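Following this message is one structure expressed as structure tokens.
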2 protein chains.
Amino acid sequence: MNAGASGARDRVLDTAERLFAERGPDAVSVRDITNAAGVNLAAINYHFGSKQALIAAVFERRMRPLTEARLRALDGVEAVAGDQPPKLEAVLDALFRPAVEQALDPARGGGTFAKLMARCLIEPNAVVEQTIRSDFETVVKRFDAALMRAMPGLTADDVFWRRHWLIGALHHSLLMLGRKPPGGRRLPLDIESYAERFVAFAAAGFRAVLPGESRKRSQAK
Amino acid sequence: MNAGASGARDRVLDTAERLFAERGPDAVSVRDITNAAGVNLAAINYHFGSKQALIAAVFERRMRPLTEARLRALDGVEAVAGDQPPKLEAVLDALFRPAVEQALDPARGGGTFAKLMARCLIEPNAVVEQTIRSDFETVVKRFDAALMRAMPGLTADDVFWRRHWLIGALHHSLLMLGRKPPGGRRLPLDIESYAERFVAFAAAGFRAVLPGESRKRSQAK
DNA sequence: GTCTATAACTAGATAGAC
DNA sequence: GTCTATCTAGTTATAGAC
């Protein structure tokens with residue numbers, strides 16, 4: 001939008017993202033942000049209009065690319081599968097790997113982004129509700145459909161709950177990035193191995209035979 | 001403490017818990033609480049000393065019984081197992097069922113409690129940090145030890161991550177209590193069936209053969 | 001124990017000079 | 001585009017009457 005001026009705007013975005021992740025948007029004042037960013041108090045209202053609009057901008061900047069990466073990955077998986085049901089692991093990989101990659105990449109928010117996402121899942125903040133939830137629902141809809149094709153024996157309810165549980169597991173674990181866990185452990189090694197481990201875990205949970213559905217599944221196939 | 005006076009104190013606790021869960025502690029003022037509870041503005045400072053102390057009291061009231069229920073359940077599982085390794089499903093049931101029960105029981109906070117717990121897992125609030133985290137670490141320590149006995153082929157890291165993922169999955173799902181999920185679904189049926197489904201899912205994830213550990217496990221047994 | 005009044009402070013937003 | 005000064009409204013906490 002602005003030809004070359006205002007690195008101020010970006011500095012505000014970066015600083016706000018960091019502070020929001022540390023303390024939560026509500027606990028951070030516009031004064032905290034402008035001071036830390038080294039810009040004037042009025043800058044936030046000038047560039048974004050209001051604090052609420054700034055919050056929305058911070059979330060959107062990270063959510064949009066994640067959504068796109070997930071959908072692109074799923075496109076690839078479905079293209080490979082063709083008419084056949086896609087492979088369960090491949091679908092889960094398309095869903096989870098982009099998030100792991102983003103959460104481990106400082107250039108795209110890193111752990112900060114992970115905390116923001118986790119927070120947005122529980123925070124009833126109206127802004128967050130609209131900017132993020134809509135993106136997320138698109139993702140969920142397409143992936144649930146793909147998961148049902150990958151696991152034709154499962155009911156829609158089964159798919160919903162297992163995917164839901166796993167989203168919770170992922171976000172909770174990304175949250176621990178950079179934070180010292182109780183046992184003194186650390187987020188492991190590299191993106192590759194972490195995503196791989198998580199997908200293997202997820203696939204096993206997805207293939208679990210639950211008390212009620214065992215009969216239905218064996219009939220369905 | 002007080003012989004029979006001050007139902008005000010309890011009304012404040014209940015109201016604060018509800019409002020905290022709805023909007024988050026930071027977004028709720030003491031005026032909001034005292035107005036909604038029908039007590040005087042000064043009541044919170046009189047009964048609790050400060051807003052921070054009230055927050056701590058609200059969290060503690062629900063966390064304590066949950067911790068005790070979990071440890072009691074684990075005691076039972078270990079007593080049954082005797083010298084043998086405990087059954088994986090039994091350990092997971094002891095860890096997760098008390099939380100599900102509490103989250104579905106209005107008398108013990110219900111969905112409100114679930115939201116509070118979820119919030120405390122990400123909120124860097126100092127009060128929450130100390131009152132809850134310490135309880136939670138006791139639980140985690142004892143259960144990780146039991147899980148290692150139940151799954152002797154897994155490394156400590158494996159147990160840590162799988163338990164961690166599942167705690168995230170549980171809390172994320174409890175969070176949806178009373179909230180309309182995207183697909184129009186609802187938390188199912190009854191405690192019994194939900195806990196059962198979750199434990200089955202958890203056990204499958206726990207038994208997953210991860211890329212790196214497959215060889216180690218088959219040797220260990 | 002309960003309440004009113006108010007102190008002491010901080011919030012987000014903006015008007016207007018530069 | 002940037003800054004200072006300021007406005008209005010909200011916050012927690014408390015002093016002191018009842």
Side-chain angles (χ1 to χ4, degrees), chain A residues 1-60 119 123-131, chain B residues 1-60 119 123-131:
Chain A
M1 251 17 149
N2 17 25
S6 182
R9 192 175 184 280
D10 288 325
R11 281 218 309 287
V12 166
L13 273 177
D14 289 338
T15 308
E17 178 175 67
R18 179 172 56 81
L19 294 179
F20 288 167
E22 284 169 7
R23 301 183 233 160
D26 290 336
V28 178
S29 70
V30 298
R31 280 176 175 80
D32 293 336
I33 299 167
T34 52
N35 285 344
V39 301
N40 190 263
L41 171 60
I44 286 181
N45 277 279
Y46 176 77
H47 284 292
F48 300 93
S50 71
K51 185 188 175 183
Q52 283 299 297
L54 168 63
I55 296 175
V58 167
F59 275 74
E60 243 181 290
R119 201 179 290 274
E123 209 77 27
N125 186 315
V127 176
V128 173
E129 199 87 14
Q130 279 153 0
T131 57
Chain B
M1 251 13 157
N2 18 25
S6 182
R9 193 175 184 281
D10 288 326
R11 282 218 307 288
V12 167
L13 273 177
D14 289 339
T15 309
E17 178 174 66
R18 179 171 55 82
L19 295 179
F20 287 168
E22 285 169 6
R23 302 182 233 160
D26 289 337
V28 177
S29 71
V30 297
R31 277 178 174 78
D32 293 336
I33 300 168
T34 52
N35 284 345
V39 301
N40 190 266
L41 170 62
I44 285 181
N45 277 279
Y46 176 76
H47 284 292
F48 299 93
S50 71
K51 185 189 176 183
Q52 283 299 299
L54 168 63
I55 297 175
V58 166
F59 275 75
E60 242 182 292
R119 202 177 288 277
E123 209 76 28
N125 185 314
V127 176
V128 173
E129 200 87 13
Q130 278 153 0
T131 57

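Residue numbering restarts at 1 for every chain, and letters A, B, ... go by the order of the sequence lines. For clarity, every value in this text was computed on a predicted model and none was experimentally measured.
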**Item:** B/Asn35 CG - C/dT2 C1' separation (whole Å)
**Value:**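 Interatomic distance, CG of B/Asn35 to C1' of C/dT2: 15 Å.
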**Request:** Would you mind telling me which of D/dA13, D/dT6, C/dT14 lies closest to the side-chain atoms of A/Asn45?
**Result:**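 Minimum distance to the A/Asn45 side chain belongs to C/dT14.
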**Prompt:** Is B/Arg23 close to B/Asp32 at the side-chain level, that is, under 4.5 Å between some pair of heavy atoms?
**Reply:**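 Side-chain contact under 4.5 Å: yes.
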**Item:** Under-4.0 Å side-chain N/O to phosphate OP1/OP2 contact, B/His47 with C/dT2
**Value:**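 It does, given that an N or O in the side chain of B/His47 lies less than 4.0 Å from OP1 or OP2 of C/dT2.
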**Nearest listed nucleotide, side chain of A/Tyr46, among D/dG1, C/dT2, C/dA13** =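 Closest nucleotide to the A/Tyr46 side chain: D/dG1.
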**Message:** In this structure, how many angstroms lie between the P atom of D/dA13 and the NZ atom of B/Lys51, rounded?
**Reply:**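 Between P of D/dA13 and NZ of B/Lys51: 8 Å.
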**Request:** Would you kindly give the CZ-to-C1' distance between A/Arg31 and C/dG12, to the nearest whole Å?
**Result:**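 So the CZ-C1' distance, A/Arg31 to C/dG12, works out to 8 Å.
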**Prompt:** OP1, OP2 of D/dT11 versus side-chain N and O of B/Ser29: anything below 4.0 Å?
**Reply:**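 Answer is yes, contact under 4.0 Å.
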**Message:** I need the A/Ile44 CD1 to A/Arg31 CZ distance, nearest 0.5 Å.
**Reply:**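 The CD1 atom of A/Ile44 sits 10.5 Å away from the CZ atom of A/Arg31.
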**Request:** Take B/Val28 and A/Ala42, find for each the nucleotide of DNA chain D with the closest heavy atom, and name the residue whose nucleotide sits nearer the 5' end.
**Result:**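 It is A/Ala42, whose closest nucleotide lies nearer the 5' terminus.
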**Request:** Can you tell me the distance, in whole Å, between the CZ atom of A/Arg23 and the P atom of C/dT10?
**Result:**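 So the CZ-P distance, A/Arg23 to C/dT10, works out to 14 Å.
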**Request:** Using a heavy-atom cut-off of under 4.0 Å over every strand shown, decide if A/Ile44 touches base, sugar-phosphate, or nothing.
**Result:**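 Counting heavy atoms under 4.0 Å across all strands, no contact is made by A/Ile44.
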**Request:** Specify the separation, in whole Å, of atom CD1 of B/Ile55 and atom P of D/dA13.
**Result:**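 For the pair B/Ile55 CD1 and D/dA13 P, the rounded distance is 9 Å.
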**Message:** Using side-chain heavy atoms (C-beta onward) and a distance below 4.5 Å, is A/Leu54 in contact with A/Leu13?
**Reply:**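 They are in side-chain contact.
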**Interatomic distance, A/Asp32 CG vs C/dA13 P [rounded to whole Å]** =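 The answer, rounded to whole Å, is 14 Å.
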**Asked** What's the closest nucleotide to the B/Asn40 side chain, out of D/dT11, C/dC3, D/dT6?
**Response**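 Looking only at side-chain atoms, B/Asn40 lies closest to C/dC3.
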**Request:** Answer whether the closest heavy-atom distance between the side chains of B/Thr15 and B/Val39 falls below 4.5 Å.
**Result:**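 The answer is no; the side chains never approach within 4.5 Å.
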**Request:** Could you check if a side-chain atom of A/Phe48 sits within less than 4.5 angstrom of a side-chain atom of A/Ile55, using non-hydrogen atoms only?
**Result:**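 With C-beta onward as the side chain, the pair stays apart.
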**Request:** Round to the nearest Å and state the distance from A/Asp26 atom CG to D/dT11 atom P.
**Result:**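 So the CG-P distance, A/Asp26 to D/dT11, works out to 13 Å.
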